[in-house]
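The block underneath contains the structure these notes are about, expressed in structure tokens.
The first residue of the sequence shown is numbered 1, and numbering continues consecutively from there. All values below come from the heavy atoms of this structure, side chains included, with hydrogens, waters and symmetry mates left out.
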Amino acid sequence: MKKFLLLTFALSLTFLAQAQGALEDFAGQLTGGEVSFKYSFEVQGDVPVKGSGTAVLKGNAFHIFGNGLEIWCDGKTRWTIDRGSREAYIETVETESVDYLANPATLLGALTRAFQINSVSDVTLSGKKLQAFNLTPSIDDTGLKSVMLYMDGSTPSRVAITVEDGTKTLFRLSDYAVKEKSDAVFSFDIASLGSDFVVTDLR
């Protein structure tokens, strides 16, 4: 029995090491090139909130278009543009305190540094066989309770995020693509907006 338990434990460590390697390969895509995808999301609760959009990420920079908002971030400054209400907000990105909820690039890129793997399992969702990574923060003040990352081979398919108050949000990703050379622009020219925009500079 002891030999069986030791063998099981050893196999578990090997599987987790392989899983860690898969996550490192995935996180490396964000620093080594430009990643783009479409997404839809649903915040689960008494009144579900749904939405969709597109995202382009590279390192700590990203831009996201969805639900009537444009969010641009070059890693130092974040611009949020609401063309419907003709409003814009400019904020400084705090490098000392990482906001994983506001910066999806940082969240995905930090999976191997700021999260630990609790378990890895094979699941079938919507007829697809996926590998599910159950992750929890290994550092303080992330604002997150847990993250479930579902991989279709080497491609992320879903991300389920639970924040500290128990609220769960499920993201479904599609059209995931990686470009070795990035030609995307992540900064925003606030002067390009019309004079009827109300610009709030919070820096």
Given the rule in the salt bridge (charged side-chain N to carboxylate O under 4.0 Å, His left out) test, do Arg203 and Asp201 qualify, once you have shown the distances and angles that lead to the verdict?
CA-CA 6 Å; Arg203 292 174 292 180; Asp201 194 335; 2.7 Å; yes
Got [X] and [Y] here, is their nearest side-chain heavy-atom distance under 4.5 Å?
{"X": "Val185", "Y": "Ser187", "answer": "yes"}
{"X": "Phe37", "Y": "Leu57", "answer": "yes"}
{"X": "Thr162", "Y": "Lys168", "answer": "yes"}
{"X": "Gln131", "Y": "Val120", "answer": "yes"}
{"X": "Val56", "Y": "Val35", "answer": "no"}
{"X": "Thr54", "Y": "Ile64", "answer": "no"}
{"X": "Thr169", "Y": "Glu42", "answer": "no"}

Smallest separation among heavy atoms of Val159 and Leu173, with atom names
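Smallest interatomic distance, heavy atoms only, reads CG2-CD1, 4.5 Å.
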Provide the closest heavy-atom pair for Val163 versus Lys145 in the form atom of the first, atom of the second, distance.
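So the two residues come closest at O-CB, 3.6 Å.
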Between the side chains of Thr155 and Asp152, is a donor N or O closer than 3.5 angstrom to an acceptor N or O?
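Looking only at side-chain atoms, Asp152 and Thr155 do not form any donor-acceptor pair under 3.5 Å.
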Between the side chains of Arg172 and Ser126, does any donor sit under 3.5 Å from an acceptor?
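Arg172 vs Ser126: no donor-acceptor pair found between side chains.
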Nearest 0.5 angstrom please: [X] [atom1] to [Y] [atom2], how far?
{"X": "Lys58", "Y": "Lys179", "atom1": "NZ", "atom2": "NZ", "result": "11.0 Å"}
{"X": "Lys128", "Y": "Ser157", "atom1": "NZ", "atom2": "OG", "result": "5.5 Å"}
{"X": "Leu149", "Y": "Arg158", "atom1": "CG", "atom2": "CZ", "result": "12.0 Å"}

Got a donor-acceptor contact below 3.5 angstrom from the Asn67 side chain to the Leu69 backbone?
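The answer is no, because no donor-acceptor pair under 3.5 Å joins these two groups.
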Verdict with reasoning, Arg83 to Glu70, per salt bridge (charged side-chain N to carboxylate O under 4.0 Å, His left out):
CA-CA 8 Å; Arg83 296 187 184 274; Glu70 301 173 20; 2.5 Å; yes
Are Trp72 and Phe65 close enough that their ring centres sit under 6.0 Å apart?
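Between Trp72 and Phe65, the centre distance is under 6.0 Å.
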Leu130: which other cluster members, linking ILVMFWY side chains closer than 4.5 Å, directly or transitively?
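Via sub-4.5 Å side-chain contacts, Leu130 links to Val123, Leu125, Met148, Tyr150.
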With side chain to side chain contact (heavy atoms under 4.5 Å, CB included) as the test, would you mind laying out the steps for Phe188 and Ile81 before giving the verdict?
CA-CA 10 Å; Phe188 184 81; Ile81 315 299; 3.7 Å; yes
For Phe171, enumerate each residue passing the ring-ring contact (aromatic ring centres under 6.0 Å, His included) test, keeping only those at least two apart in sequence or located in another chain.
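Partners of Phe171 by the ring-ring contact (aromatic ring centres under 6.0 Å, His included) criterion, ordered by chain and then number, come out as Phe41.
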Out of Leu202, Ile190, Thr200, which one pairs with Ile90 under the side-chain contact (heavy atoms from CB on, under 4.5 Å) rule?
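The side-chain contact (heavy atoms from CB on, under 4.5 Å) with Ile90 is passed solely by Ile190 among Leu202, Ile190, Thr200.
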Counting neighbours of CZ on Phe197 that are heavy atoms of other residues, nucleotides or ligands and sit closer than 6.0 Å, is the number greater than 12?
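Enclosed: over 12 neighbouring heavy atoms sit under 6.0 Å from CZ of Phe197.
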